[in-house]
Amino acid sequence: MMETARDVVAAALRPALDAAFPDWAAGGAVLEVERPKDPSRGDYATSVALRLTRHLRRPPLEIARAIRDNVATGEAVAAVEVAPPGFVNVRLAPGWLARRVETIVRAGPAFGRSTGLAGRKVQIEYVSANPTGPMTIANARGGPLGDVLANVLAFAGADVQREYYVNDAGTQIEVFGKTLAVRYRELQGATGLEIPEGGYRAEYMIDLARQLRDELGPSVGDGVSLEELGRLLAPRAIAILVAGHQRVAERFGIRFDHFTYETALMASGYFGETLADLRRRGVVEDRDGAVWLKTRELGEDIDSVLVRSTGVPTYFGVDVAYHRQALTDRGFDQKIDIWGANTHGHARRMKVAMAALEIGPKWQVIIYQFVRFLHEGVLVKMGKRTGQFLLLDDVLDAVGVDATRFFLLQSSADRSLDFDFELAVQQSNENPVYYVQYAHARIASVFRTARERGVEWSDGDLALLDHPGELSLIRACLRFPELVRELSETHQVHQLTGYASELAGLFHPWYKANRVVTDDVPRTKARLRLLDAFAVTLRQTLGLLGVSAPESM
RNA sequence: GCCCCCGUAGCUCAGUGGAUAGAGCGCAGGCCUCCGAAGCCUGAAGCAACGGUUCGAGUCCGUUCGGGGGUACCA
């Protein structure tokens, strides 16, 4: 596992702290090493002296000085300084920083990888859009979030499965089928039929009916009731829509390793097994002909129905079984669901159910707030049933895959986003993703120039990289492995876009101010090696984001 | 009513309890005989309000006021 620069600093500070204050840790403080916002203060800093003031009953500056006096400077740590009110600032040796270029280039596609989560089997479930309509920009937000989280966790060594759950049973499917049957009959010339209550009024249902008629022949469903026709048509329609979800997801750079169908889960008998387990644990109650999970006793406001009085399990009931299966029979150590904000009530009940099954700590949910859809500046309520929505396909046509992914990954999941289609099209060329990609393309262009002039730079002397700007670029690269480790714990993957912008924001001014390929051959070579490392870092970052790193644009 | 998320620059958003709060767009002005101007430089402009915890709060806690979502034998 690669040691980060932060680790190196911590390893230098810890013995100093131990030597100066042998019992420092007894107060519960931990040695945290951070990057000062103002780089002139140093490369890394710790506020541990401030935190230890109470425990050691000594002034923070005095503690800080004692730490400083005990640090052994060396190859990496060049200087340690104390600043009021009690910070200990650490400066890394320029030569050591410059030599990191070699490490980064040699690591290449492995730069930032780690084994921190090795041996951990994680399932990430995301998108899982209802199979009753096409993929919209609202469903789509979970895609990049889940995909990038999967990338990050796999990068940190976990064994990750990307899972998609197809909710192809239940009341909504009945309504869906009935709507479809109505549209189908209409194609056969029927009039005066009503779309059922809560049905799917959107245009795509008519297209779907037409497609099914062409596929199955015009006489399908002759002589059967509307309900029966619905049950006949729904499975085929769902297959078409799920295939569509897969196609558009793939276009969006999102793949899945495994699909679970609710109908298959039901057919397996696993639901009954789960219900029996819950009964054994005494958290189930039969009342009014239905089967309830006693969520009320477990801290919720109301109980939750697992099986309706009709004998049909609820979505919640089946979902509990599905989660139990993943976290027991399928052997995952952890399951992370990426769900939309409308599921938070469901998520609360699920949490209770998982706790009752004693698998609570293994399950985690990331709830993302919705993407609100503005049309010509006016907020539009999206809903498949109402027919008002913005298709992911249309967004990708107009804005492009990279820009859409980057846009959706710029804010944290728990913040709602506004997507103004017209504005997005108009501004698609101003998306920050191009700023980042342009940095990569520019570096590629510098390499082309160097090659044209016959410069071979692999033997460049890194010791020549001693300008502040050059060292800043290296420092920025060294943050990448630190960030990956952080994200593997916090799951705040949107920070990768900010980091990518930071990299580009350092590069462009430096590029403007410094010519790389010049008559000074030694310096040219050293700088080309630096850019090699920088390009590696950009590619690694964009790679985790699922955004391309173009050689030219 | 109760529950969840969010109020940071004109707009869209960043900001692991640390030192002087950032970016993009927009706005005002400047920069291509030089590896790509999808770029660079300069400027104006901000933590909703009030309490609390802390050596230190945009960040944690409480209240108020705004915005979004949820609260079914729907999914």
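Bear in mind the structure is a predicted one, so any value in this text is a computation, not a measurement.
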Identify whether any heavy atom of [X] sits under 4.0 Å from a base atom; if not, whether one sits that close to sugar-phosphate; answer base, sugar-phosphate or nothing.
X	value
Asp303(A)	nothing
Arg451(A)	nothing
Ala441(A)	base
Gly498(A)	nothing
Ala45(A)	base
Gln495(A)	sugar-phosphate
Asp301(A)	sugar-phosphate
Pro60(A)	nothing
Asp319(A)	nothing
Asn514(A)	base
Ser501(A)	nothing
Ala513(A)	nothing
Tyr511(A)	base

*asked:* If the test is salt bridge (Lys or Arg N to Asp or Glu O under 4.0 Å), which one of Lys294(A), Arg296(A), Arg287(A) qualifies with Asp303(A)?
replied: Arg287(A)
_Shortest non-hydrogen contact from Arg515(A) toward Val517(A)_ = NE-O, 3.3 Å
*Interface with RNA chain B, restricted to residues 486-494 of chain A and to heavy atoms under 4.0 Å*: His494(A)
*For rC65(B), is chi within 90° of 0 (syn) or not (anti)?*
anti
Please determine whether a side-chain nitrogen or oxygen atom of [X] lies at a distance below 4.0 Å from atom OP1 or OP2 of [N].
X	N	value
Arg308(A)	rC74(B)	yes
Tyr438(A)	rA38(B)	yes
Ser411(A)	rA14(B)	yes
Arg35(A)	rU16(B)	no

Could you state the atom-to-atom distance from [atom1] of [X] to [atom2] of [N] in whole Å?
X	N	atom1	atom2	answer
Glu300(A)	rU71(B)	CD	P	13 Å
Trp339(A)	rG70(B)	CH2	P	15 Å
Asp43(A)	rA19(B)	CG	C1'	16 Å
Arg296(A)	rC73(B)	CZ	C1'	17 Å
Leu408(A)	rC13(B)	CG	C1'	13 Å
Ile173(A)	rC74(B)	CD1	C1'	12 Å
Arg515(A)	rG39(B)	CZ	P	20 Å
Glu32(A)	rG17(B)	CD	P	8 Å

*Minimum-distance nucleotide to Gln172(A) side chain [options: rA75(B), rG7(B), rU20(B)]*: rA75(B)
*Asn167(A) side chain: which of rG18(B), rA75(B), rU20(B) is closest?*
rA75(B)
_Both Val307(A) and Ala83(A) contact RNA chain B. Which one's nearest nucleotide lies toward the 5' end?_
Ala83(A)
_RNA chain B: 5'-proximal contact among Thr171(A) and Leu417(A) (nearest heavy atom)_ = Leu417(A)
*Kindly say whether, by distance alone, the side chain of His344(A) makes a donor-acceptor pair under 3.5 Å with the base of rC3(B)?*
yes
*Please evaluate the base of rC73(B) for a donor-acceptor partner in the side chain of Ser309(A) within a cut-off of under 3.5 Å?*
yes
*asked:* We want to know whether Thr46(A) and Glu34(A) form a side-chain donor-acceptor pair, criterion being a heavy-atom distance below 3.5 angstrom.
replied: no
Tabulate protein N/O versus nucleotide N/O from nucleotides 54-61 of chain B, keeping only pairs under 3.5 Å, one per line.
| unit_1 | atom_1 | unit_2 | atom_2 | d |
| --- | --- | --- | --- | --- |
| rC55(B) | OP1 | Arg54(A) | NH2 | 2.4 |

*List for me each residue that meets ring-ring contact (aromatic ring centres under 6.0 Å, His included) alongside Phe406(A), sequence neighbours excluded, and say none if there are none.*
none
Mind listing the N/O atom pairs, protein and nucleotides 24-30 of chain B, below 3.5 Å?
| unit_1 | atom_1 | unit_2 | atom_2 | d |
| --- | --- | --- | --- | --- |
| rC25(B) | O2' | Gln427(A) | NE2 | 3.2 |

*When the aromatic ring centroids of His508(A) and Tyr435(A) are compared, is their separation below 6.0 Å?*
yes
*asked:* If the condition is salt bridge (Lys or Arg N to Asp or Glu O under 4.0 Å), which residues does Arg58(A) pass it with, not counting sequence neighbours?
replied: Glu62(A)
*Which stems, defined as runs of 3 or more consecutive Watson-Crick or G-U wobble pairs with both pairing distances under 3.5 Å, involve RNA chain B?*
B:1-7 with B:65-71, B:10-13 with B:22-25, B:27-31 with B:39-43, B:48-52 with B:60-64
_Rounded distance in Å between the P positions of rG30(B) and rG18(B)_ = 41 Å
